[in-house]
Peer 1: 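Structure in structure tokens, see below.
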There are 2 protein chains.
Amino acid sequence: MRPQKVQDHEVLTALTKVFRAKGFEGASLKEIAQETGLKKASLYHRFPDGKKQMAEAVFNHVDEWVVTNIFKMLINEDLTPEERLGKGIKNISSLYKGGSESCILRTLSMQIGMELFGMQIQTGMKEWINHFEKLGLAFGLAKSEANKNAVQTLIEIQGSLIVSEGLADQSVFEKTLKRIKNRYQNI
Amino acid sequence: MRPQKVQDHEVLTALTKVFRAKGFEGASLKEIAQETGLKKASLYHRFPDGKKQMAEAVFNHVDEWVVTNIFKMLINEDLTPEERLGKGIKNISSLYKGGSESCILRTLSMQIGMELFGMQIQTGMKEWINHFEKLGLAFGLAKSEANKNAVQTLIEIQGSLIVSEGLADQSVFEKTLKRIKNRYQNI
DNA sequence: GTCTATACTCAGATAGAC
DNA sequence: GTCTATCTGAGTATAGAC
């Protein structure tokens, strides 16, 4: 009945921020409370199943962003294949802040355990492959080539994030995105 | 004074097993005690600085294995470049159990935080690149090409581990190793 | 060196007033 | 819906006997 002190989307933003920075176990309710501006008990009012549910909300939130800004972009028939590629890559770069932020979906799923997110991660990865495969087809690749290409693209994105972080050198990620782009353009 | 109930290397093996399976935070001292066969207090006798020190020991243990079985293999002058490549790749496969196990060094460093392992991870990655670069040179690549190739190799190894795990499909990792192998052989 | 028993800390979670 | 206050359990870590 009482008015919400903080809007849902603000809570979600704060949650995403904390989980991204600290991971699942590393993010304490205390910190989450500070960041969201809500007390612990209030958080439990909004997320009766506790911390896991909060992580789940973040997971779905990010997932939705990816669908909207990357998947749909890659198959948008209103754009030329070149345009789809360009915007898709651009949004991937922005999702990972140019390589400075790791993949939050991977982090969360690793730390919470595959019980909760395993299937969603698997489905999500298949979607990445699926959509890049469609892009490959649009560029004129045969189906099996397009698939190989898509898997390779996913591997390179994830791998370059790891290496960028490890070396503390974002240029690794940037170069990888360029490499991916070139591979499609040179078909 | 009293004889060790469990040998150091056995403790190390057990520690590695637990940390690999559960990660740093996920591995409780209770479980570590069960797995090693030592009580908690005894563990603290051997590792006065506690859990972090245990993780450190595991980290160094794995690191040493990599140096011996992969790095040294890649630059072993008693072997032809083809042989170095073959044995190196084979040992990489065995390190990650054919793609079924994730990179424990990455897991540990992520969860403990970069304060403790950040520099070692960075140094370690540079060594990976450094040694694959030397392999590329041995295959006749120019220095800058050899370097690009080495970075790409590291990216693909790490990325394919992620994707293999996510899709629950080890063949992704296997195929990537083959791809890497072919790339060197076709120079 | 190893053990039993215990201390300490802090996390996640809940009760109930407002 | 939000809050203060509290509970409960698990985790790391220690003390001190053997």
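Note that these values count all heavy atoms, side chains included, but never hydrogens, waters or copies made by symmetry. The sequence lines fix the lettering, A, B, ..., with proteins before strands; numbering per chain opens at 1. No experiment lies behind these values; they were computed from the predicted model shown.
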Peer 1: Find the distance B:Gln111:CD to D:dT12:C1' and express it as a whole number of Å.
Peer 2: 17 Å
Peer 1: What is the distance, to the nearest angstrom, from the CD atom on A:Gln4 to the P atom on D:dC3?
Peer 2: 12 Å
Peer 1: Counting primed atoms plus P, OP1 and OP2 as sugar-phosphate and everything else as base, spell out the protein contacts along nucleotides 5-18 of chain C at 4.0 Å heavy-atom distance: B, S or - for each nucleotide, 5' to 3'.
Peer 2: ------SBBBB--B
Peer 1: Nearest-Å distance, CD (B:Gln34) to C1' (D:dA10)?
Peer 2: 14 Å
Peer 1: Excluding sequence neighbours, so at least two apart, what forms salt bridge (Lys or Arg N to Asp or Glu O under 4.0 Å) with A:Glu35?
Peer 2: A:Lys17
Peer 1: Can you list the residues that meet the ring-ring contact (aromatic ring centres under 6.0 Å, His included) rule with A:Phe117, with sequence neighbours excluded?
Peer 2: A:Phe59
Peer 1: Which one, D:dG1, C:dC3, D:dC3, comes nearest to the side chain of B:Lys5?
Peer 2: C:dC3
Peer 1: Can you sort out the partners of B:Phe71 under ring-ring contact (aromatic ring centres under 6.0 Å, His included), two or more places apart, ordered by chain and number?
Peer 2: B:Trp128, B:His131
Peer 1: Under 4.0 Å between a side-chain N/O of A:Ser42 and OP1 or OP2 of D:dC3, yes or no?
Peer 2: yes
Peer 1: Report the residues that fulfil salt bridge (Lys or Arg N to Asp or Glu O under 4.0 Å) with B:Glu156, sequence neighbours left out, ordered by chain and then residue number.
Peer 2: B:Arg183
Peer 1: Provide, to the nearest angstrom, the distance between the CG atom belonging to B:Leu38 and the P atom belonging to D:dA13.
Peer 2: 16 Å
Peer 1: Which whole-number value in Å describes the distance from B:His45 NE2 to C:dT2 P?
Peer 2: 6 Å
Peer 1: Over how many whole Å does the gap from B:Arg46 atom CZ to D:dA13 atom C1' extend?
Peer 2: 18 Å
Peer 1: Got a list of side-chain donor-acceptor pairs under 3.5 Å for residues 134-150 of chain A, not counting sequence neighbours?
Peer 2:
residue, atom, partner, partner atom, Å
A:Lys143, NZ, A:Glu133, OE2, 3.2
A:Asn147, ND2, A:Glu133, OE1, 2.9

Peer 1: Dump the intermediate steps for side-chain hydrogen bond (donor to acceptor under 3.5 Å, both in side chains) on B:Gln152 and A:Arg179, then the final yes or no.
Peer 2: CA-CA 10 Å; B:Gln152 178 69 10; A:Arg179 169 193 287 263; 3.2 Å; yes
